Amino acid sequence: MLLRSLYTLNYRNLHNQTLEFGPGLNAIVGKNGQGKTNLLEAVYLALTGLSEAGKLEQLVQHQQQEGFVRATLERDEGPSIFEVGVGKGRRVAKVDGIRVKAGEMLRGAAVWIRPEDNDLVLGSPSVRRGYLDQLLGKLSVRYAAVMALYDRNLAQRNASLRSGEHWALEVWDTQLCDLGSEMLTMRRRVLLRLQELAQAAHEALGGGNSLELTLQETTTPESYLFDLKNRRSEEIARGNTVIGPHRDDLELKLHGVAAQTFASRGEARTVALALRQAEFELLAEKNDEMPLLLIDDFSAELDLERRVHLLELAHRAPQALVTGTESFPRALLTYQVEGGMFRR
Amino acid sequence: MKYPSSLIQLIRELSRLPGIGPKSAQKMAFHLFEQPLEDIERLAKVLLAAKKELHLCPRCYNVTDRPMCDVCTDLSRIQSQICVVESPSDVIAIERSGEFRGLYHVLHGSISPMQGIGPEQLHIKGLLERLSGATSDQEVILATGTTVEGDATSLYIQRLLAPLGVQVSRIAYGLPVGGALEFADEVTLSRAMAGRQKMV
């Protein structure tokens, strides 16, 4: 898959314009706050229908009601047009002029690498869980669908726990166990390969060979129902479901100790980068189309050696959009951005 | 300018109807105002009559204007089959198919703790009463929706009925007839696959 062009209308601070991209490394260079990140977000929105930047209406330019992005793609089967319009609490997604649900767009089309990735290592378990769930959702529509059902069940079960009457608690247990077990099984299966890829990337980044990824599970498919029964009184007291895939952590260890507690900022950056590289490689392996690589704020907190490595990764991808404050050597195409206006 | 208070009241009442937002309610209110008085009187009469004459069938809880509903009083229907559905409109949908010749039981909702709806808020007790003294010939078909809540409701009833020794089945999940496989979503497809039927 190749992103040929992107048109934005009323999108954040971006000028309404069409930008063209080529295969290889596309550089976007400018000072901070000019619209580099917004452009990557607009690309992500156009491809996936999803926003990582928060509420939909926040994507729309100040004092405008609706915003719009259109991506022209070159896919194996020919050219294709992806469009997403957003307004207050509303989103209209179209592929080649036909309306689709956001989930039916290219969920796994892009991998983001950005400075906030440090939170993957230093942040709370929910960040790492989010990484894992998002990655699995990119690999399998089934996982995303099962997770949506799981979340719905969980909300009903928690409401039941809090109701005082514990309406049909056993029934929610059964459904939660079925769906949760499927999630756990899929997570375990993906983790094996993810672990290998992350370790290799970490080593290549000069971080050594001591990175370990393990799932900290609060229950297992085998003991799920039993564990739920055992924790019943605690769950009723807390009004919350305390075990299950929504409470698990993807633990990262360096030299045998938890990276969340012991990693330095530099080490954390390297681990985060390894996780993103592993994500990219896993998607490239499992999905039919190679993902687009989006690297935001290229040089953030990276030393020379790691910059070289990241640049190599960007060159290895069929297509990468890379933002930074200084121009890139060997970039195929460079846009200068100032105040939301892009110039080649 | 302020709206006259009777107009505001009318809009407020109309907007309480399902699927009607404030804008539609306003449109309807002005439309009603423009109609001849006799039309409005007829509408009001019909509304009142419907509310006064309609009630739930004491046996199956479907909506009826008779002491007992048409289905329950029709002795040609198979008395040993009860199809459990969420709403009266589900009964109409199944009746339209003409496939089912048994009886119904309408729950009037599904279990949803988030909305404060538990089994006691549904007509589940009535179902159990109907089944007291039932033999193993009796079949209960659970045809609640395939939502999370519909599934939970079916599972709940299935557990309640287990000790009674009646046959319990769940309506099949599957592909829409006339729909191509490629357009089915993942979950529907995998459920349809799991519920496949042997041909040879």
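Being a predicted model, the structure only gives us computed values, none of them experimental.
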Inset, instruction - Take Trp172(A) and Leu155(B) through the test side chain to side chain contact (heavy atoms under 4.5 Å, CB included) and record every step on the way to the result. - result: CA-CA 9 Å; Trp172(A) 303 117; Leu155(B) 207 53; over 6 Å; no
Legend entry - Under 4.5 Å from any heavy atom of chain A - which part of Gln158(B): neither
Legend entry - With sequence neighbours excluded, residues passing salt bridge (charged side-chain N to carboxylate O under 4.0 Å, His left out) with Arg42(B): Asp39(B)
Inset, instruction - Select, from Ala145(A), Ser140(A), Ala168(A), the one with the greatest count of heavy-atom pairs under 4.5 Å involving chain B. - result: Ala168(A)
When you look at [atom1] of [X], are more than 12 heavy atoms from neighbouring residues, nucleotides or ligands closer to it than 6.0 Å?
X: Gln197(B); atom1: CD; value: no
X: Glu99(B); atom1: CD; value: no
X: Met68(B); atom1: CE; value: yes

Donor-acceptor list for residues 51-59 of chain B side chains, cut-off 3.5 Å, not counting sequence neighbours:
from, atom 1, to, atom 2, distance (Å)
His55(B), NE2, Arg66(B), O, 2.9
Arg59(B), NH2, Cys72(B), O, 3.2

Legend entry - chain B contact residues among residues 174-193 of chain A, heavy-atom distance under 4.5 Å: Thr174(A), Gln175(A)
Legend entry - chain B-proximal positions within residues 151-161 of chain A [heavy-atom distance under 4.5 Å]: Arg152(A), Asn153(A), Ala155(A), Gln156(A), Ala159(A), Ser160(A)
Legend entry - Option in Glu120(B), Gln115(B), Arg159(B) with maximal non-hydrogen atom pairs under 4.5 Å from chain A: Arg159(B)
Legend entry - Ala152(B) to Val171(A) - nearest heavy-atom pair and separation: O-CG1, 3.1 Å
